[in-house]
Amino acid sequence: MTKDKLTIIAIPIICGLTAANMYYIQPLFLKISESLGITYVQSTNLFTAQLIGNVLSLIFFIPVADVIDRRKIIGALYICLCTGLFLVYFSTNFNILLGGYALIGVGASSVPLIIAFYNRDKKHENIIGYIMGGVLLGIIGSRFASGILSNFLGWRGIYIVSFFLMLLGATFVLKNMKPNSEDKEKNISYLNVIRSNIMATLEDRSVRLYCFYGFATMFSFTAFWTNIATYLDQSLDFSTTEIALFSLLGVLGALVAIYAPVITGSIFKTSLRLFMTGIALLACAIALPNSLIWLGGFTALFDALIQLIHVSNQKKLYSRSKEKEAQAASNYMTFFMLGGAAGGFTSSIVYTISSWNGVLTMCLGLFLLMVIIERKKYAEY
């Protein structure tokens, strides 16, 4: 096997395992609540801490990779990730756990940085689709793995397993990633880099547009997966193992992500079509009777749609950000993860008040807003 083929296979797997650390917790909220003696909302705050850590890293850490050796940034991020995994496995103090989960979020921000730099490599021009497929498989597998392993190793077991996997993954990434080109400006100050990153969001309408789409997409995705395990447990009496098996329905989304460039170039040529499809799916999910078969079909299709939107957003944004891919990744993924933090926190409260249909209705409202914005954009052109 050639080095290029090994990279195309290994990098999506490593990115998938890295992203998975953000989602091991989702099927475990009830177990964590029982283990630590805290409320359901408090347990979801651990997930929110991860997302906040991720966002802070995207704002203050990732942008400097445009002007210094990216390998130093990625190495530091994997150190944070491994430290967070270690703390979560060994700590029983809630506040230390919050810090551990925040460090996991910081470390997982290495994924968009890896995506951004491989996107500019002509030898790996289709690698974004492969990586996003790997990331989604990692997310799906994370719920399955943590759900199954929690029955044998307790809810913390998955984190020590991931600790060793991340050590191996980081070694491969750092060994095979090329340094930044020599013509990078080395004398740009840190504050100027951060200022430039913020101004790009404030001044560039395209950046703002895709940042909002990323926010709304992750909000909806997180709202769905944060509460589906609790819904299946409380409404359909699913066991932890059955919930883990149900999460495998999202595999379709991973397969779609791999072929996203082809699909978005033929069936879904515009973002408007993607958003309209989301409205149709959510409306059906709310209107149709409660059925496990329909819920399974909706889960597979909704996951696939989210991945199509996510890949489409990144391809369009990065194509407008040549030589500033790290800045684009920082801007987009900051809003993407802010959407996740807002979706996880808000939806857990909505679920306790309005149950499952309340969560779906909230997501439907966001898709309607994206349709309105996209139609307004076309009207102006």
Side-chain angles (χ1 to χ4, degrees), residues 15 18-19 21-22 45-85 87-88 95-96 98-120 135 166 170 173-174 177 179-180 184-204 207-208 210-212 214-215 218-219 222 313-314 317-318 321 323-345:
C15 286
T18 302
N21 291 290
M22 294 286 293
N45 286 341
L46 294 172
F47 180 62
T48 302
Q50 284 188 139
L51 296 171
I52 291 173
N54 196 274
V55 168
L56 291 176
S57 177
L58 289 165
I59 295 173
F60 297 110
F61 210 7
I62 298 301
V64 298
D66 276 330
V67 295
I68 66 173
D69 190 346
R70 72 194 69 151
R71 294 173 300 182
K72 294 179 181 179
I73 300 294
I74 291 175
L77 291 173
Y78 273 105
I79 289 173
C80 289
L81 178 56
C82 290
T83 302
L85 292 167
L87 288 175
V88 169
N95 290 327
I96 295 178
L98 278 173
Y101 277 107
L103 283 174
I104 290 174
V106 170
S109 67
S110 59
V111 172
L113 185 56
I114 294 171
I115 292 174
F117 279 108
Y118 272 105
N119 178 67
R120 66 187 301 181
V135 167
M166 289 300 95
V173 170
L174 295 174
M177 180 170 282
N180 294 22
K184 292 288 183 183
E185 297 181 73
K186 303 295 183 180
N187 60 342
I188 297 179
S189 72
Y190 173 78
L191 289 178
N192 284 338
V193 172
I194 301 303
R195 186 181 300 112
S196 173
N197 195 48
I198 294 172
M199 294 308 295
T201 306
L202 295 176
E203 296 177 352
D204 192 318
V207 172
R208 292 199 305 272
Y210 288 115
C211 283
F212 173 73
F215 177 93
M218 187 57 170
F219 185 105
T222 305
N313 286 344
Q314 289 181 93
L317 179 58
Y318 294 156
S321 307
E323 300 300 323
K324 292 186 177 181
E325 289 89 351
Q327 182 185 86
S330 172
N331 287 326
Y332 179 79
M333 293 305 299
T334 295
F335 281 86
F336 189 75
M337 299 313 294
L338 280 172
F345 177 76

Counting only pairs under 3.5 Å, give me each side-chain donor-acceptor contact of residues 49-56, with atom names and distances, residues two or more places apart or in other chains.
from	atom 1	to	atom 2	distance (Å)
Gln50	NE2	Met22	O	2.8
Asn54	ND2	Gly105	O	2.8

Spatial distance of atom CD1 (Ile104) from atom SG (Cys82) [nearest 0.5 Å]
10.0 Å
Under the side-chain contact (heavy atoms from CB on, under 4.5 Å) test, residues paired with Phe345 that sit two or more places apart
Asn45, Thr48, Ile349
First locate atom CD1 of Ile62, then atom OG1 of Thr334, and finally report the distance between them rounded to the nearest 0.5 Å.
8.5 Å
When rounded to the nearest 0.5 angstrom, what is the spacing between CD1 in Ile74 and CG in Leu113?
4.5 Å
Minimum heavy-atom separation for Leu77 and Ser57, please, with both atom names.
CD2-OG, 3.5 Å
Apply side chain to side chain contact (heavy atoms under 4.5 Å, CB included) to Tyr78 and Thr18, showing your working.
CA-CA 9 Å; Tyr78 273 105; Thr18 302; 2.8 Å; yes
Looking only at heavy atoms, the pair that brings Tyr210 and Tyr332 closest together is O-CE1, 3.2 Å
Least distance between heavy atoms, Cys15 atom then Ile114 atom:
SG-CG2, 3.8 Å
How long is the straight-line distance from CG of Asn313 back to CZ of Phe212, given to the nearest 0.5 Å?
11.0 Å
Shortest non-hydrogen pair, Ala342 vs Phe215, comes out as CB-CZ, 4.0 Å
How many angstroms lie between atom CZ of Arg208 and atom CZ of Phe335, to the nearest 0.5 angstrom?
10.0 Å
Nearest 0.5 Å please: distance from the CG atom of Leu81 over to the CG atom of Asn21.
5.0 Å
Nearest heavy-atom approach of Val135 to Ala19 is CG1-CB, 3.7 Å
Minimum heavy-atom distance Leu46-Tyr101, with the two atoms named:
O-CB, 3.6 Å
